[in-house]
Amino acid sequence: MKSRKVLALAAAAALSFGVFPHFANAVSDRDIQEKRDAINNIRSKQSAVQEKINDANQEIQKLQSKQKELSEEIKKLDLAVEETSGKIRNLSADIQQTEQDIETLKREIAEVQARIEKRNEILKERVRSLQESGGVISYLEVLLGAQSFSDFIDRMSAVTTIFEADKQIIREQQADKALKEKKEKELTDKLASLQTNLKELEQLKQKLSEQMKQKNQLMAHLKQEEQEHHDKKMALAEEQELLRKQEAAMKYQLQQLMKKKRAEEEAKRRAAARHTYSSGNESAPSESENSSGASSSRDTSNVPPVTSGAFMRPANGPITSGFGYRFGGSDFHPAIDIGKTAAVVPVVAAADGYVFRSYLSSSYGNVIFITHVINGQVYTTVYAHLDARLVGEGQTVRKGQVIGYMGNTGHSTGPHLHFELHRGAWNPAKSNAVNPLNYIN
C-alpha cells in the first residue's frame with residue numbers, strides 16, 4: 001500500500017512536468033542567488049563610486065586652497081608691479097626734465113661757444129698785432145716815446161689797461177671753456193644714470209609681468225583642474241544615482257523571481273495533489289502575466305513591427321553608425337545609431353522589462369534605461385538622445401511599447417537613436433556592451 005502511494009506521487013510529479021510545460025523555465029535557487037550576487041555587486045560599485053566622489057571632493061578642496069594661496073601671491077605681485085610702474089613714471093618724468101635741461105644747456109653752450117669764438121678772434125687779432133709790432137718791445141716803444149712825465153704816466157696807464165684787458169679776455173675764455181665742459185659732463189652723467197635706472201626698472205617690470213603671466217596661467221590651470229574634478233564629481237554622482245536605480249530594479253526583479261518561485265512551488269504542490277487524489281482530468285489553472293506597468297499611448301505610424309526572438313528593433317531607420325571601433329580605431333562605439341528619416345520617429349522597448357532610469361543626462365540627453373531578465377540572464381538596454389520620454393522610473397514595459405521619440409538631445413551631432421545593449425548590468429566602462437544586431441531578429 002505504501003509502495004503504491006510512492007508510485008502514485010512519483011507519477012504525479014512526472015505528469016506535472018508534462019502537463020505544465022511552463023515549469024520548464026521555472027525559477028531556481030541559482031537564479032535567485034545570481035540576482036542577489038548582482039545586487040551585492042552593484043552595492044560594491046556604489047561604494048567604489050562614493051570613494052571616488054570623496055577623493056574628488058578632497059582634490060577640489062586642495063585645489064581651492066592652492067588657488068587661495070596663489071591669489072595672495074598675485075596680490076603681492078600686483079602691488080610690486082604697481083610700485084615699479086610708479087617709479088618708472090617718476091623716472092621717465094625726470095628723464096624728460098633732464099632732456100629739456102640738456103636742450104637749454106645746448107643753447108647756453110652755443111652762447112658760450114659764440115663768446116669763445118668771438119674772443120678767439122680778438123685774441124688772434126691781438127696776437128697778429130703783437131707779432132707785427134714786436135710784442136713786448138712795442139709796449140716799451142710806447143712808453144719810451146713819452147714827451148713828458150705826465151705823458152709817460154698816461155702811456156703807462158694805457159698799456160696797463162690794454163694788458164689787463166688781454167689777461168681778462170684770456171681768463172673769461174678759460175672760465176667759459178671750463179663751464180661748458182662741466183655742464184656737459186654733469187648733465188651727460190645725469191642722463192646716463194637715469195637711462196640706466198630706467199632700463200633696470202623696465203627689466204624689473206618685465207620680470208614681474210612674466211611672473212604675473214606664469215601665475216595667471218597656473219591659476220587658469222588650477223581652475224581648469226577644479227572644473228574637471230567638478231565635472232568628474234557630477235559624472236560620478238550621475239553614475240551613483242544610476243547604480244542606485246539599478247539596485248532598486250534588481251531588488252524588484254528579485255522580489256518577482258521569489259514571488260514566481262513561490263507561485264510555482266504552490267502550483268506544483270497543488271498539481272501533485274490533484275494528480276494523486278483525482279482522476280487527472282482537471283486542467284491546471286494558467287498563470288496570470290504580470291502587467292503592472294502603465295502602458296504608453298502607442299503611435300501606430302512608423303512603429304517597427306514586433307518580431308520574434310528575445311529583442312526587437314527599437315526604431316525604424318538606417319544604421320548610421322555600427323557597434324565597435326570607428327574613426328580609424330580611435331573611438332569605441334558601444335552601441336548602434338539609427339538615423340532619423342521622418343519628422344516623428346517613435347522608439348519602442350526592445351523587450352519586456354523594467355524602467356530603472358528615465359531622465360535628462362548631460363551626455364545622453366533624454367535617456368531611458370531598461371533592465372530585462374530573459375531566460376535567467378540580466379540584460380540592460382539604453383535609449384539615448386530622445387526628443388521626449390513617455391515612460392518613467394519604476395514602470396514595467398512590454399516589447400514593442402512606445403517609450404519615446406527619436407531626437408537630438410545631449411552630446412549628439414544630429415537626430416538619431418543611440419541604442420546600447422548590455423549583457424548584464426550597465427557600467428560606465430561599457431564592459432558589458434554587446435552588438436545589438438547579434439540579438440535582434
Side-chain angles (χ1 to χ4, degrees), residues 235 238 241-242 245 249 291-327 331-372 379-422 426 430 433-441:
E238 188 173 329
E241 179 66 13
L242 187 59
K245 298 286 186 179
S291 58
S292 58
S295 61
S296 304
S297 58
R298 185 180 176 93
D299 184 350
T300 56
S301 62
N302 203 18
V303 175
V306 177
T307 56
S308 61
F311 295 93
M312 65 171 287
R313 187 183 180 90
N316 284 330
I319 305 297
T320 57
S321 184
F323 178 90
Y325 285 97
R326 56 184 182 177
F327 306 134
D331 176 57
F332 182 77
H333 189 230
I336 60 170
D337 290 344
I338 301 175
K340 186 178 182 181
T341 56
V344 178
V345 179
V347 175
V348 302
D352 294 352
Y354 176 84
V355 179
F356 69 89
R357 198 79 169 99
S358 176
Y359 73 117
L360 179 62
S361 164
S362 59
S363 56
Y364 276 134
N366 277 314
V367 62
I368 297 171
F369 289 77
I370 301 177
T371 183
H372 316 269
Y379 293 90
T380 307
T381 52
V382 181
Y383 311 78
H385 308 311
L386 300 175
D387 181 63
R389 292 172 284 116
L390 302 182
V391 292
E393 296 174 1
Q395 284 188 238
T396 54
V397 293
R398 309 304 272 169
K399 185 179 183 181
Q401 177 181 333
V402 178
I403 60 173
Y405 294 99
M406 195 181 292
N408 189 29
T409 57
H411 294 174
S412 172
T413 57
H416 72 286
L417 172 67
H418 175 92
F419 177 66
E420 296 178 14
L421 176 60
H422 300 260
W426 181 93
K430 315 290 178 67
V434 294
N435 190 346
L437 298 181
N438 295 335
Y439 291 79
I440 295 172
N441 186 359

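Computation of the quantities below employed the complete heavy-atom set of this structure, encompassing side-chain atoms and omitting hydrogens, waters and symmetry-equivalent molecules.
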Considering all heavy atoms, the nearest [X]-[Y] contact:
| X | Y | value |
| --- | --- | --- |
| Ile338 | Pro314 | CD1-CG, 4.0 Å |
| Ala384 | Tyr364 | CB-CD2, 3.4 Å |
| Ser358 | Arg389 | OG-NH1, 3.0 Å |
| Tyr383 | Val348 | CE2-O, 3.4 Å |
| Ala433 | Phe323 | O-CZ, 3.8 Å |
| His422 | Lys430 | CE1-CD, 3.9 Å |

To the nearest 0.5 Å, what is the distance between [atom1] on [X] and [atom2] on [Y]?
| X | Y | atom1 | atom2 | answer |
| --- | --- | --- | --- | --- |
| Asn438 | Leu421 | CG | CG | 9.5 Å |
| Asp337 | Thr413 | CG | OG1 | 8.0 Å |
| Asn302 | Tyr405 | CG | OH | 10.5 Å |
| Tyr359 | Ile368 | OH | CD1 | 12.0 Å |
| Asn408 | His416 | CG | NE2 | 7.5 Å |
| Phe356 | Ile370 | CZ | CD1 | 9.0 Å |

Stepwise, does the salt bridge (Lys or Arg N to Asp or Glu O under 4.0 Å) test hold for Asp352 with Lys399? CA-CA 5 Å; Asp352 294 352; Lys399 185 179 183 181; over 6 Å; no
Asn435 vs Ile336, side chain to side chain contact (heavy atoms under 4.5 Å, CB included): CA-CA, chis, key distance, verdict: CA-CA 8 Å; Asn435 190 346; Ile336 60 170; 4.0 Å; yes
Test side chain to side chain contact (heavy atoms under 4.5 Å, CB included) applied to Ile440 and Phe419, step by step: CA-CA 12 Å; Ile440 295 172; Phe419 177 66; 4.1 Å; yes
Should the ring pair His418 and His385 be called parallel, tilted or perpendicular, given that the plane angle runs from 0 to 90° and is split at 30 and 60?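 The arrangement is perpendicular - the two ring planes meet at more than 60°.
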Using the six-membered ring wherever Trp is involved, compare the ring planes of Phe311 and His372 and label them parallel, tilted or perpendicular (cut-offs 30° and 60°).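 Plane angle over 60°, so perpendicular.
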If we check side-chain contact (heavy atoms from CB on, under 4.5 Å) with Val306, which of these qualifies: Arg398, Gln401, Met312, Arg313?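 The passing option is Met312.
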Does OH in Tyr325 sit with more than 12 non-hydrogen atoms of other residues, nucleotides or ligands closer than 6.0 Å?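 Open.
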Ignoring hydrogens and angles, tell me if any N or O in the side chain of Thr409 forms a donor-acceptor pair with the backbone of Asp387 under 3.5 Å.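 Checking the backbone N and O of Asp387 against the side chain of Thr409, no donor-acceptor pair under 3.5 Å is found.
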May I have the step-by-step check of side chain to side chain contact (heavy atoms under 4.5 Å, CB included) for Val391 and Val402, ending in yes or no? CA-CA 9 Å; Val391 292; Val402 178; over 6 Å; no
Please lay out, stage by stage, how Trp426 and Arg357 fare under the test side chain to side chain contact (heavy atoms under 4.5 Å, CB included). CA-CA 11 Å; Trp426 181 93; Arg357 198 79 169 99; over 6 Å; no
